[in-house]
K.L.:
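There's a structure below that I have some questions on.
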Amino acid sequence: MKKAINYHGMSDKAMECCARFQYSEKNKLLYDDMEINPNGLILITGNSGSGKSTLLNELAKEYGYRETIRVTDVEKRVIDLLECSLDETISLLSKAGLSEVPLFLTKYKDLSTGQKYRFDILYSIVNGCNKIVLDEFCAYLDTITAQTCAYNFQKLFRNNNISVMAATCRTDLNNFFLADSNYHIEESTIIKKKIGFNGNPFINDIQIKNGNYHDYIQFEKYHYAYDIDEEFYNEHKGIIHTIYWKDIKIGIIMYISPYDNIEAESVPEFHCINEKISCIYRIILSPCFRGLGLTKMILKESAKHVQQEFIYIFSAMAIYNKFVSRAGYIKLKPVDYRNEYEYRIVTEYERYKRKMTQEEILKAEIKLLAKIQYMWYARYCEIICKEMVFDFNSFFEYYDGVFDLTQIDALREEMKYMEMGHYYIKNNTYEEK
């Protein structure tokens, strides 16, 4: 296949350049003729100037591929640019390595170049593109991010039956993009390489090691929820498992006990629950390592270091991502107290404060707190198959008199409901310890 120079519309200066160097179609052989299956995932590699972009553009025109759709309303936030449900939007963004809540709420114009590149691909898929051409594929990303994005995108393309032609000078992406066909251009010759699927290229280099609170601090900025202070961490016998890819820290898992040290020491029932259950309170991965299918293996490997018989996890992101159930965890009904009468005071405080005294509001909040804590206690007993010895009144009596009027606002904020996925598993390694 030869690429001819189009003389139409050339300036006199350009024509003079062609004449001076006797430049014509006959001596512009970019690559030999080739046979190609125009569907699936095609990766074209080669050094800069080798002609891969020219080949890509010619093939794109011949087989009806198009570039990604550009976002025009750059003032819109990322979460609002995808015209699908919130659940589906979060799921899609996570698969594109854009799974941080601050990113969801960022305006498109404020994304980095690499983030825009990833979003443009996703935006095109959502808007119906099924044949996409990607020149300079992942060229704007650092090596690790490029490799993780290449692997994430190939999954996204295959799951949505999208055909892609991509060109890049980065041959390191071959083993991550897992193209159906790889054409490497070398001195005007195209070398076709077949890439076999050898499983997840990241799994074998993942390690779980004992970590510490400072490892959590390193990754807390990537989590959507409030930060956990060291005092709370210590009071709940916090344990950190640090996740490594090769020698690079890429995330953490934080475990805590259901009840703090004082509660467990003063109430034997709570001590018994702490001995049986460990709660996963945070799972944080570096953004570029999300969506790779690593969490299932990470959860299983981490469980080997847990001393308790049961592991319990409650997570907002688990609603949109099935990583917990894929690891074998059993789904439970949420601890849901939104139908309790006292919860209306939390959600409609401005209305209720006009017809109730502050003392009455505080008493209602304490009653709601007791109901919530009773629900959690019942949940823990359910998991470990233990008969309950406390009822709602036990918790109300415990909390009554603990709070004063200055704590009304803080108590109300603490009890606002957050929708989460709830799961547990019996730790298969428990009996081996």
Side-chain angles (χ1 to χ4, degrees), residues 210-217 220 223 225-241 252-283 305-315 332 335 337 340 342 346 361-418 420 422 424 427 430 433:
N210 291 328
N212 54 51
Y213 180 78
H214 299 290
D215 291 335
Y216 160 70
I217 292 297
E220 67 176 353
H223 199 272
Y226 57 86
D227 297 339
I228 299 168
D229 62 50
E230 194 166 9
E231 182 179 1
F232 176 91
Y233 173 80
N234 290 328
E235 286 174 349
H236 287 78
K237 295 185 177 179
I239 295 173
I240 296 290
H241 293 167
I252 62 97
I253 297 182
M254 177 189 290
Y255 294 85
I256 63 168
S257 59
Y259 295 102
D260 65 33
N261 294 331
I262 295 175
E263 292 170 326
E265 289 169 3
S266 58
V267 182
E269 182 81 350
F270 295 162
H271 174 77
C272 175
I273 290 172
N274 278 3
E275 289 292 303
K276 289 282 189 178
I277 298 176
S278 187
C279 299
I280 295 180
Y281 207 58
R282 290 287 187 271
I283 303 176
H305 303 273
V306 174
Q307 299 300 314
Q308 282 75 11
E309 186 175 0
F310 297 92
I311 300 174
Y312 183 39
I313 179 172
F314 40 98
S315 164
L332 297 166
V335 176
Y337 46 86
E340 299 296 329
E342 293 81 10
V346 172
I361 290 175
L362 178 61
K363 182 69 71 173
E365 288 186 350
I366 292 172
K367 189 174 181 180
L368 178 61
L369 176 63
K371 287 182 177 180
I372 294 171
Q373 294 304 316
Y374 172 70
M375 289 178 181
W376 278 106
Y377 166 66
R379 168 56 51 81
Y380 296 140
C381 290
E382 173 192 358
I383 290 173
I384 64 177
C385 299
K386 186 182 187 304
E387 184 177 350
M388 294 187 293
V389 299
F390 296 136
D391 57 17
F392 158 73
N393 290 324
S394 304
F395 287 90
F396 182 74
E397 291 170 4
Y398 178 82
Y399 288 113
D400 192 25
V402 173
F403 302 95
D404 58 41
L405 295 178
T406 64
Q407 296 170 294
I408 283 181
D409 292 341
L411 193 56
R412 187 174 66 255
E413 287 298 317
E414 185 71 23
M415 293 188 295
K416 284 186 177 178
Y417 183 80
M418 183 175 183
M420 293 189 176
H422 290 247
Y424 86 98
N427 189 0
Y430 171 76
K433 294 169 183 171

K.L.:
Quick check: do Met415 and Ile372 have side-chain heavy atoms less than 4.5 Å from each other?
P.N.:
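With C-beta onward as the side chain, the pair touches.
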
K.L.:
Would you compute the distance between atom CD1 of Ile384 and atom SG of Cys272 and round it to the nearest 0.5 angstrom?
P.N.:
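One finds 5.0 Å between CD1 of Ile384 and SG of Cys272.
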
K.L.:
Is any side-chain heavy atom of Ile366 closer than 4.5 Å to a side-chain heavy atom of Tyr398?
P.N.:
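No. Closest side-chain heavy atoms not under 4.5 Å.
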
K.L.:
How far apart are the C-alpha atoms of Ile313 and Ile283, what are their side-chain angles, what is the distance that settles it, and do they pass the side-chain contact (heavy atoms from CB on, under 4.5 Å) test?
P.N.:
CA-CA 10 Å; Ile313 179 172; Ile283 303 176; 3.6 Å; yes

K.L.:
Is there a donor-acceptor pair closer than 3.5 Å between any side-chain N or O of Asn427 and the backbone N or O of Phe310?
P.N.:
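Such a contact is absent between Asn427 side chain and Phe310 backbone.
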
K.L.:
Glu413 side chain to Ala410 main-chain N or O, any donor-acceptor pair under 3.5 Å?
P.N.:
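No, Glu413 side chain to Ala410 backbone: no donor-acceptor pair under 3.5 Å.
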
K.L.:
Would you check if the side chain of Asn393 reaches a backbone N or O of Phe396 as a donor-acceptor pair within less than 3.5 Å?
P.N.:
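Pair absent, no side-chain N/O of Asn393 close to backbone of Phe396.
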
K.L.:
Using only heavy-atom distances, determine whether the side chains of Tyr312 and Arg379 contain a donor-acceptor pair under 3.5 Å.
P.N.:
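Checked: Tyr312/Arg379 side chains pair up, N/O donor to acceptor below 3.5 Å.
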
K.L.:
For a quick test of reading the model, state the closest non-hydrogen atom pair linking Glu342 to Ala364 and the distance between them.
P.N.:
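Distance-wise, the nearest heavy atoms are CG-O, 3.5 Å.
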
K.L.:
Applying the side chain to side chain contact (heavy atoms under 4.5 Å, CB included) test to Arg282, which of Ile240, Ile228, Ile256 qualifies?
P.N.:
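The option that passes is Ile228.
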
K.L.:
Applying side-chain contact (heavy atoms from CB on, under 4.5 Å) to Ile408 and Glu365, what does each step give before you reach the verdict?
P.N.:
CA-CA 8 Å; Ile408 283 181; Glu365 288 186 350; 3.7 Å; yes

K.L.:
How long is the gap from CD1 on Ile383 to CD on Glu309, to the nearest 0.5 Å?
P.N.:
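Answer for the CD1-CD pair, Ile383 versus Glu309, is 11.5 Å.
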
K.L.:
Give the C-alpha distance, both sets of side-chain angles, the deciding distance and a yes or no for side-chain contact (heavy atoms from CB on, under 4.5 Å) between Tyr380 and Glu269.
P.N.:
CA-CA 11 Å; Tyr380 296 140; Glu269 182 81 350; over 6 Å; no

K.L.:
Rounded to the nearest 0.5 Å, how far apart are CE of Met254 and CG of Asp215?
P.N.:
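With rounding to 0.5 Å, CE (Met254) is 10.0 Å from CG (Asp215).
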
K.L.:
Measure the spacing between CZ of Arg412 and CG of Leu368 and express it to the nearest 0.5 Å.
P.N.:
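Output value for this atom pair is 12.0 Å.
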
K.L.:
Stepwise, does the side-chain contact (heavy atoms from CB on, under 4.5 Å) test hold for Met420 with Ser315?
P.N.:
CA-CA 5 Å; Met420 293 189 176; Ser315 164; 5.8 Å; no

K.L.:
Identify the two heavy atoms, one from Ile252 and one from Tyr216, that lie closest to each other, and give their separation to 0.1 Å.
P.N.:
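Shortest heavy-atom separation between Ile252 and Tyr216 comes out as CD1-CD1, 4.0 Å.
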
K.L.:
Can you tell if the side chain of Tyr281 reaches within under 4.5 Å of the side chain of Phe314, non-hydrogen atoms only?
P.N.:
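The answer is yes; the side chains approach within 4.5 Å.
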
K.L.:
Please confirm whether the ring centroid of Tyr213 lies under 6.0 Å from the ring centroid of Tyr233.
P.N.:
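Yes, the ring of Tyr213 comes within the 6.0 Å limit of the ring of Tyr233, centre to centre.
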
K.L.:
Is any side-chain heavy atom of Ile277 less than 4.5 Å from a side-chain heavy atom of Tyr424?
P.N.:
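No, too far: nothing below the 4.5 Å cut-off.
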
K.L.:
So do Met375 and Glu340 actually touch side chain to side chain, heavy atoms under 4.5 Å?
P.N.:
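Touching, per the 4.5 Å side-chain cut-off.
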
K.L.:
Do the rings of Phe390 and Tyr377 sit parallel, tilted or perpendicular, given the 30° and 60° boundaries?
P.N.:
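Rings of Phe390 and Tyr377: tilted, 30 to 60°.
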
K.L.:
Could you measure the distance from the CD atom of Glu263 to the OG atom of Ser257? Nearest 0.5 Å is fine.
P.N.:
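Here the rounded value is 8.5 Å.
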
K.L.:
Would you mind reporting whether Leu332 and Glu382 have side-chain heavy atoms less than 4.5 Å apart?
P.N.:
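Touching, per the 4.5 Å side-chain cut-off.
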
K.L.:
Find the distance between OG (Ser266) and OH (Tyr259) and round it off to the nearest 0.5 Å.
P.N.:
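Reported to 0.5 Å precision, the distance equals 11.5 Å.
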
K.L.:
Is it true that Asp400 and Lys363 make a salt bridge, defined as a side-chain N closer than 4.0 Å to a carboxylate O?
P.N.:
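Yes, charged N to carboxylate O under 4.0 Å.
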
K.L.:
Within a 6.0 Å radius of atom CD on Gln407, are there more than 12 heavy atoms belonging to other residues, nucleotides or ligands?
P.N.:
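Yes, enclosed.
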
K.L.:
Determine whether His236 and Phe232 make a side-chain contact, defined as any pair of heavy atoms from C-beta on separated by less than 4.5 Å.
P.N.:
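Yes; the side chains approach each other to less than 4.5 Å.
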
K.L.:
Decide if atom NZ of Lys371 counts as having more than 12 heavy atoms of other residues, nucleotides or ligands within a radius under 6.0 Å.
P.N.:
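Atom NZ in Lys371 is crowded, with more than 12 foreign heavy atoms closer than 6.0 Å.
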
K.L.:
Any side-chain heavy atom of Lys237 sitting closer than 4.5 Å to one from Asn274?
P.N.:
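Side chain of Lys237 against side chain of Asn274, heavy atoms only: no contact under 4.5 Å found.
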
K.L.:
We want to know whether Tyr255 and Gln308 form a side-chain donor-acceptor pair, criterion being a heavy-atom distance below 3.5 angstrom.
P.N.:
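Result is no, nothing qualifies.
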
